[in-house]
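Have a look at the structure below, then the notes.
We name chains A, B, ... by the order of the sequence lines, and we start the count at 1 in each one. Keep in mind that what you see is a predicted model, and the values were worked out from it rather than measured.
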Number of protein chains: 2
Amino acid sequence: MAEASAASEACCPPADPAPDLRPVEGAEADDELAALAKAIGHPARVQILRLLVRRTSCVCGDIVDELPLAQSTVSQHLKVLKDAGLVRGSVDGPRVCYCIEPRTLRRLKALIGGL
Amino acid sequence: MAEASAASEACCPPADPAPDLRPVEGAEADDELAALAKAIGHPARVQILRLLVRRTSCVCGDIVDELPLAQSTVSQHLKVLKDAGLVRGSVDGPRVCYCIEPRTLRRLKALIGGL
DNA sequence: TTCGGCCATCGCCGATGCACGATAATGACC
DNA sequence: GGTCATTATCGTGCATCGGCGATGGCCGAA
């Protein structure tokens, strides 16, 4: 398995048949919703999320020069999104390909919808 | 109108025929979503929101002894929610009746749904 | 008028967030 | 080997958050 990792589609697999099993209310759901909301509680992170949803590209560098922020700041925001589970990063040679995690995004929508 | 203000239904009018007009994406939508998400980015505020949605009561005092927090802290959280437009407070005699703002909540759902 | 309950606000503290520049780590390429 | 490009991490400064107790304002009741 040397090559064959084309890195154009492989980093963001859309396959996701898993259903949401956890409840949308209760103490755990409250904490979960608060954590997710906190993660997107910054305009820069909302912009990053939208960029990744549109999938024009998922390379970190492209995100950096799309935002009026320093590279280290963008990396920090990406880390917040990654810790929240909203985003996934795949190392692809010297670059890192970021993409959204559809499951977490759907989970967020379900939690918000349960309000 | 001395009595007749039973404070059970009058403070939270469910009437809300207004549709959402603003777009769900763009720079303003990003800021709006980030501000709303930040407002609910704390477990205590999520709990408060749920309490108000359930409408078991909307009096501030009831919220205070439903949460393991001091009265001033709850008041602070209520202020955050009120500044975000998610909650409205009506002075009703010596008490204050809080209730959710359905328009803002629907707006939040629309913004999340637009992701 | 005075008292007491209800709520908002203030002041304070420690903890966290956000931005940046500088530096390190990784991998491709010559 | 060396070099360049890309990204993560560290350290720092400043601002904001989150909690509390204490205080003050407001209204109704006595």
Donor-acceptor pair, [X] side chain versus [Y] backbone, under 3.5 Å?
X: B/R107; Y: B/R22; answer: yes
X: B/R45; Y: B/A39; answer: yes
X: A/K109; Y: B/L115; answer: yes
X: A/K82; Y: A/Y98; answer: no

Gap between atoms [atom1] and [atom2], on [X] and [N] respectively (whole Å):
X: A/L67; N: C/dC20; atom1: CG; atom2: P; result: 11 Å
X: A/L81; N: D/dT7; atom1: CG; atom2: P; result: 16 Å
X: A/I63; N: D/dT7; atom1: CD1; atom2: P; result: 9 Å
X: B/K79; N: C/dT9; atom1: NZ; atom2: C1'; result: 9 Å
X: B/I40; N: D/dG18; atom1: CD1; atom2: P; result: 13 Å
X: B/D65; N: C/dC6; atom1: CG; atom2: P; result: 10 Å
X: A/L78; N: C/dG17; atom1: CG; atom2: P; result: 16 Å
X: B/D92; N: C/dC6; atom1: CG; atom2: C1'; result: 12 Å

Does [X] make a side-chain N or O approach to OP1 or OP2 of [N] shorter than 4.0 Å?
X: A/Y98; N: D/dA8; value: yes
X: B/R45; N: D/dG18; value: yes
X: A/K38; N: C/dG17; value: yes

Every protein N/O lying under 3.5 Å from an N/O of nucleotides 19-23 of chain D:
unit_1	atom_1	unit_2	atom_2	d
D/dG19	OP1	B/H42	NE2	3.4
D/dG19	OP2	B/H77	NE2	2.5
D/dC20	OP2	B/A70	N	3.0
D/dC20	OP2	B/T73	OG1	2.9
D/dG21	N7	B/S72	OG	3.4
D/dG21	O6	B/S72	OG	3.2

Using a cut-off of 4.0 Å on non-hydrogen atoms, how would the nucleic acid contact of A/V59 be classed: base, sugar-phosphate, or nothing?
->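 A/V59: backbone/sugar contact only, no base atoms under 4.0 Å.
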In this structure, are over 12 heavy atoms from other groups packed under 6.0 Å from B/R50 atom CZ?
->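 More than 12 within 6.0 Å, yes.
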Would you give the length of the straight line joining atom OG1 of B/T73 to atom CD of B/Q71, rounded to the nearest 0.5 angstrom?
->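 Those atoms lie 8.5 Å apart.
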Please determine, for the side chain of B/S75, which listed nucleotide (C/dC6, C/dC18, C/dT9) has the closest atom?
->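 So the nucleotide nearest the side chain must be C/dT9.
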Does anything in residues 40-97 of chain A pair up under ring-ring contact (aromatic ring centres under 6.0 Å, His included), and if so which pairs, sequence neighbours excluded?
->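 Every ring-ring contact (aromatic ring centres under 6.0 Å, His included) pair that includes a residue of residues 40-97 of chain A, provided the two are not neighbours, is A/H42-A/H77.
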